[in-house]
Amino acid sequence: MVSHVQYRSFMNEDFEDIAEMLRRIWHDRSRNELYNTLEARYDLAHCLSISTFSLVAVANGEAMGIVLARAPHGSQARNSAIDADAWKRLGNNLRHDMARIDPAAVREFDAAIKAEQRANEKLTAACSVEQAGQVTLLAVSHRARGLGIGRVLLDAACSFCQDAGAEQAYLFTDTDCSWQFYERHGLKRAAAHQPEQSERALLPSEMYLYTADLAR
């Protein structure tokens with residue numbers, strides 16, 4: 001039972017808790033659980049490598065939620081744990097281990113990443129977000145849902161982007177995620193994408209770009 005929630009910047013010792021949380025939510029590609037764990041770690045390392053802001057929700061001594069964001073043009077990181085080069089190196093090492101453990105799964109993963117990138121490019125081309133901040137990751141453990149953690153994390157990321165001068169924040173989501181959460185909290189669906197037939201085995205049935213108006 002969650003009794004009390006604290007919020008603070010990401011620290012390196014949070015990595016394993018958060019990666020395990022991501023594994024339980026999204027990463028079940030392989031029958032090999034070690035591969036799935038490595039894929040979740042890679043996902044987190046990548047998100048950290050492109051972010052300049054973090055906030056973690058800690059309950060009962062365990063990280064149970066995280067938000068990452070980046071301001072337009074990449075402002076300086078708010079905490080020393082976000083060392084982009086270090087997280088990129090870790091990601092490369094993890095990707096090597098993934099390929100060694102389950103080559104077929106990592107080929108599927110790589111194809112899905114490329115398809116997701118193409119879809120995201122189409123979504124951003126459909127709306128103007130060049131000067132916007134981006135929420136690069138938002139996740140809350142199933143064991144801590146319903147406590148308002150997601151709203152606190154989202155608000156913090158939007159405040160960071162606003163303080164950095166952005167008048168808008170955006171994020172990517174899809175039908176495999178709780179996209180309704182964003183609509184309940186005032187974000188607007190700015191673009192949608194349905195994967196092409198050749199991508200349907202790799203991507204969710206629909207992908208979205210949501211925006212938040214940060215104008216004062």
Side-chain angles (χ1 to χ4, degrees), residues 1-28 36-37 39-71 75 77-83 87 116 132-164 166 168-190 204 206-214:
M1 180 177 180
V2 175
S3 57
H4 181 64
V5 182
Q6 295 179 315
Y7 296 91
R8 57 162 172 74
S9 296
F10 173 86
M11 297 190 298
N12 288 340
E13 50 263 43
D14 297 325
F15 186 85
E16 293 300 332
D17 281 349
I18 295 171
E20 174 60 16
M21 179 180 71
L22 298 186
R23 185 193 68 80
R24 291 176 179 274
I25 298 172
W26 289 308
H27 296 277
D28 58 358
N36 292 334
T37 295
E39 189 179 286
R41 291 174 180 169
Y42 176 91
D43 186 11
L44 178 55
H46 169 71
C47 291
L48 286 163
S49 76
I50 63 171
S51 302
T52 57
F53 170 81
S54 70
L55 191 67
V56 172
V58 180
N60 302 333
E62 181 182 348
M64 290 194 175
I66 186 171
V67 68
L68 299 173
R70 61 180 174 183
S75 66
R78 285 281 186 90
N79 60 296
S80 59
I82 302 185
D83 180 338
W87 293 117
E116 180 181 316
Q134 182 185 359
V135 180
T136 53
L137 175 66
L138 176 59
V140 177
S141 169
H142 291 297
R143 293 181 291 129
R145 299 283 172 87
L147 301 176
I149 290 174
R151 179 56 186 263
V152 172
L153 296 175
L154 179 61
D155 285 350
C158 289
S159 293
F160 163 74
C161 294
Q162 185 179 52
D163 291 346
Q168 191 179 52
Y170 74 99
L171 56 85
F172 298 111
T173 188
D174 54 60
T175 47
D176 285 350
C177 301
S178 301
W179 55 267
Q180 300 92 336
F181 165 85
Y182 300 110
E183 294 191 353
R184 289 198 301 269
H185 294 292
L187 278 73
K188 305 297 183 183
R189 185 181 298 177
E206 284 193 320
M207 305 177 72
Y208 310 122
L209 188 152
Y210 275 83
T211 60
D213 183 8
L214 306 180

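All of these numbers come straight from a predicted model, not from anything done at the bench. Residue indices begin at 1 and follow the sequence shown.
For Glu16 and Arg41, the salt-bridge test passes: some basic side-chain N is under 4.0 Å from an acidic carboxylate O.
Residues Phe181 and Leu187 are not in side-chain contact: their nearest non-hydrogen atoms beyond the backbone lie 4.5 Å or more apart.
In this structure, the separation between OG1 on Thr211 and CD on Gln168 is 4.5 Å, given to the nearest 0.5 Å. Note that CG of Leu209 is 14.5 Å distant from NZ of Lys188, once rounded to the nearest 0.5 Å. With rounding to the nearest 0.5 angstrom, the CG atom of Asn36 is 9.0 Å from the NE2 atom of His27. Distance CD/Glu39 to CG/Leu44: 13.0 Å, rounded to 0.5 Å. Note that the NE2 atom of His4 and the CG atom of Leu147 stand 12.0 Å from one another [nearest 0.5 Å].
In this view, Phe172 and Tyr170 satisfy the ring pair (Phe, Tyr, Trp, His ring centres under 6.0 Å) rule, not counting sequence neighbours. In this structure Asp174 satisfies the side-chain contact (heavy atoms from CB on, under 4.5 Å) test together with Asp176, Cys177, Pro204, Met207, sequence neighbours excluded. Checked against side-chain contact (heavy atoms from CB on, under 4.5 Å), Ala63 has the following partners two or more places apart in sequence or in another chain: Asp14, Asp17, Ile18, Val56. Residues meeting the side-chain contact (heavy atoms from CB on, under 4.5 Å) test with Glu183, sequence neighbours left out: Trp179, Arg189, Tyr210.
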**OP:** Report the C-alpha separation of Ile50 and Trp87 in whole Å, then their side-chain angles, then the decisive distance to 0.1 Å, and conclude whether the side chain to side chain contact (heavy atoms under 4.5 Å, CB included) test is met.
**Re:** CA-CA 9 Å; Ile50 63 171; Trp87 293 117; over 6 Å; no
**OP:** Check the pair Tyr7 / Ile149 against side chain to side chain contact (heavy atoms under 4.5 Å, CB included), numbers first and verdict last.
**Re:** CA-CA 9 Å; Tyr7 296 91; Ile149 290 174; 3.6 Å; yes
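A donor-acceptor pair is defined here as one N or O able to donate and one able to accept, closer than 3.5 Å; no such pair exists between the side chain of Thr173 and the backbone of Tyr208.
Val5 and Ala59 get closest at one heavy-atom pair: CG2-CB, 4.3 Å. Closest approach of Ser51 to Leu68, counting heavy atoms only: OG-CB, 3.4 Å. Nearest approach of Ala71 to Phe160, heavy atoms of both residues: N-CE2, 3.6 Å. When all heavy atoms are compared, the tightest approach of Val140 to Met21 is C-SD, 3.8 Å.
Heavy-atom neighbours of Arg145 CZ from other residues, nucleotides or ligands within 6.0 Å: above the threshold of 12.
Pairs of residues two or more places apart, or lying in two chains, that qualify as salt bridge (Lys or Arg N to Asp or Glu O under 4.0 Å) and include a residue from residues 42-63 are Glu62-Arg143.
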Side chains of residues 151-158: which donor-acceptor partners sit under 3.5 Å, not counting sequence neighbours?
from, atom 1, to, atom 2, distance (Å)
Arg151, NE, Asp155, OD1, 3.0
Arg151, NE, Asp155, OD2, 3.0
Arg151, NH1, His185, ND1, 2.6

